[in-house]
*Asks:* 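The structure follows.
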Amino acid sequence: MYLQRIVLIISFAFMSLKFAYADPAGKDHAHKTPRGGIVQEAEGVKAEFLIDKDGQPKLYIYDKAMKPLERRDIQVKLTAKGHDGAQHNRELKAVKDPKGRMVYQGEPIKGLKDWDTAVVSVKTKDRWIHFRFSHH
């Protein structure tokens with residue numbers, strides 16, 4: 001009986017330490033992003049992707065130092081997959097957000113409550129750069 005209590009106390013102590021030092025956001029979300037999206041890097045370019053509460057996909061493009069890149073001469077295509085398996089394709093167009101920053105956004109995806117994966121393809125001049133984002 002005494003040994004069982006000691007094992008229980010030690011187990012509880014380890015569990016307490018685990019929760020005390022756990023990263024509440026998880027490893028995938030450890031870095032704060034400028035607009036609350038998910039950031040991926042490909043070929044020296046960083047992209048932040050999110051789908052807002054209204055289902056509108058948005059992409060922000062940065063250089064390696066996370067300084068916004070403002071380019072209207074690129075083509076952006078999105079393929080997003082919901083948790084239900086439905087696939088949604090959108091073309092994202094360059095616009096200015098209310099603060100005057102460049103954002104590439106597409107038509108809202110109606111009925112999309114949550115998404116699983118998204119592939120954003122960016123065409124610069126004559127080459128494509130592909131970013132893959134996972135959500136949850």
Side-chain angles (χ1 to χ4, degrees):
M1 184 69 129
Y2 180 73
L3 184 59
Q4 288 175 333
R5 285 185 183 176
I6 290 177
V7 169
L8 184 64
I9 291 170
I10 291 172
S11 297
F12 180 74
F14 280 117
M15 291 290 289
S16 297
L17 285 173
K18 177 182 175 185
F19 289 116
Y21 292 104
D23 178 10
K27 289 181 182 178
D28 292 339
H29 299 96
H31 300 286
K32 184 167 175 68
T33 61
R35 298 192 178 65
I38 300 168
V39 175
Q40 292 292 338
E41 183 174 357
E43 298 187 34
V45 177
K46 293 185 180 181
E48 179 179 9
F49 177 74
L50 62 107
I51 297 178
D52 70 15
K53 63 181 168 97
D54 297 322
Q56 186 170 51
K58 297 180 179 182
L59 181 78
Y60 299 89
I61 300 177
Y62 308 98
D63 66 10
K64 285 184 177 184
M66 291 297 289
K67 292 183 182 174
L69 294 176
E70 298 207 9
R71 298 197 43 188
R72 291 189 176 273
D73 63 334
I74 63 175
Q75 183 179 358
V76 182
K77 293 185 177 188
L78 163 69
T79 301
K81 190 180 222 180
H83 283 290
D84 61 358
Q87 185 170 304
H88 308 275
N89 299 307
R90 296 288 187 273
E91 191 165 329
L92 307 184
K93 299 288 185 184
V95 296
K96 294 284 185 168
D97 71 7
K99 294 184 179 181
R101 298 174 295 214
M102 181 74 69
V103 59
Y104 302 86
Q105 61 187 34
E107 290 295 317
I109 302 171
K110 300 294 183 196
L112 183 66
K113 300 293 181 207
D114 200 7
W115 57 278
D116 182 50
T117 58
V119 175
V120 177
S121 300
V122 178
K123 185 177 183 184
T124 60
K125 297 187 183 185
D126 55 353
R127 71 181 177 121
W128 287 93
I129 301 172
H130 304 284
F131 299 92
R132 180 178 169 84
F133 300 91
S134 295
H135 189 242
H136 297 279

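Side chains are part of it too, since the values below use all heavy atoms of this structure and drop only hydrogens, waters and symmetry mates. Bear in mind the structure is a predicted one, so any value in this text is a computation, not a measurement.
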*Asks:* Can you name the closest pair of heavy atoms from R90 and P108 and give their distance?
*Replies:*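 Taking every non-hydrogen atom into account, NH2-O, 3.1 Å.
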
*Asks:* Could you pull out every donor-acceptor pair under 3.5 Å between side chains of residues 120-130 and any protein atom, sequence neighbours left out?
*Replies:*
residue	atom	partner	partner atom	Å
S121	OG	H130	ND1	2.8
R127	NH1	E43	OE1	2.1

*Asks:* Looking at every heavy atom in both L78 and P57, which two are closest together, and how far apart are they?
*Replies:*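 In terms of heavy atoms, the two residues are closest at CD2-CB, 3.4 Å.
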
*Asks:* Does anything in residues 54-66 pair up under salt bridge (Lys or Arg N to Asp or Glu O under 4.0 Å), and if so which pairs, sequence neighbours excluded?
*Replies:* D52-K58

*Asks:* Considering residues at least two apart in sequence or located in another chain, which fulfil the ring-ring contact (aromatic ring centres under 6.0 Å, His included) criterion with F49?
*Replies:* W115, F133

*Asks:* Listed by chain and number, what are the side-chain hydrogen bond (donor to acceptor under 3.5 Å, both in side chains) partners of K77, not counting sequence neighbours?
*Replies:*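 Listed in chain order: nothing, the list is empty.
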
*Asks:* Do you know which of D116, L50, I38, T117 makes side chain to side chain contact (heavy atoms under 4.5 Å, CB included) with H135?
*Replies:*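 Between H135 and the candidates, side chain to side chain contact (heavy atoms under 4.5 Å, CB included) is satisfied uniquely by I38.
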
*Asks:* Can you list everything that forms a side-chain hydrogen bond (donor to acceptor under 3.5 Å, both in side chains) with E41? Sequence neighbours excluded, please.
*Replies:*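 Counting only residues at least two positions away or on another chain, E41 forms no side-chain hydrogen bond (donor to acceptor under 3.5 Å, both in side chains).
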
*Asks:* Applying salt bridge (Lys or Arg N to Asp or Glu O under 4.0 Å), name anything that partners E107, two or more places apart in sequence or on another chain.
*Replies:* none

*Asks:* Can you sort out the partners of R71 under salt bridge (Lys or Arg N to Asp or Glu O under 4.0 Å), two or more places apart, ordered by chain and number?
*Replies:* D73

*Asks:* For P34 and E48, which heavy atoms make the closest approach, and how far apart are they?
*Replies:*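 In this case the closest contact between P34 and E48 is CD-OE1, 3.4 Å.
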
*Asks:* Go through the structure and list residues passing side-chain hydrogen bond (donor to acceptor under 3.5 Å, both in side chains) with T79, not counting sequence neighbours.
*Replies:* N89

*Asks:* Under 4.5 Å between any side-chain heavy atoms of K110 and H88, yes or no?
*Replies:*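 No - every pair of side-chain heavy atoms lies 4.5 Å or more apart.
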
*Asks:* Once salt bridge (Lys or Arg N to Asp or Glu O under 4.0 Å) is applied, do any residues pair with R101, and if so which ones, sequence neighbours excluded?
*Replies:*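 For R101 the salt bridge (Lys or Arg N to Asp or Glu O under 4.0 Å) partners, ignoring immediate neighbours, are D97.
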
*Asks:* Can you name the salt bridge (Lys or Arg N to Asp or Glu O under 4.0 Å) partners of R72, sequence neighbours left out?
*Replies:* none

*Asks:* Mind listing the closest non-hydrogen atom pair of L59 and A47 along with its distance?
*Replies:*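 The pair with the smallest heavy-atom distance is CD1-CB, 3.7 Å.
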
*Asks:* Mind jotting down which residue pairs meet the ring-ring contact (aromatic ring centres under 6.0 Å, His included) criterion with at least one end in residues 56-79? Sequence neighbours excluded, please.
*Replies:*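 For residues 56-79: none.
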
*Asks:* Looking at CD1 of I109 and CD of Q87, how far apart are the two atoms once the value is rounded to the nearest 0.5 Å?
*Replies:*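 If we round to the nearest 0.5 Å, I109:CD1 and Q87:CD are 10.5 Å apart.
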
*Asks:* Considering residues at least two apart in sequence or located in another chain, which fulfil the side-chain hydrogen bond (donor to acceptor under 3.5 Å, both in side chains) criterion with K67?
*Replies:* none

*Asks:* Group every Ile, Leu, Val, Met, Phe, Trp and Tyr by side-chain heavy-atom contacts under 4.5 Å, then state whether V39 and V45 land in the same group.
*Replies:* no

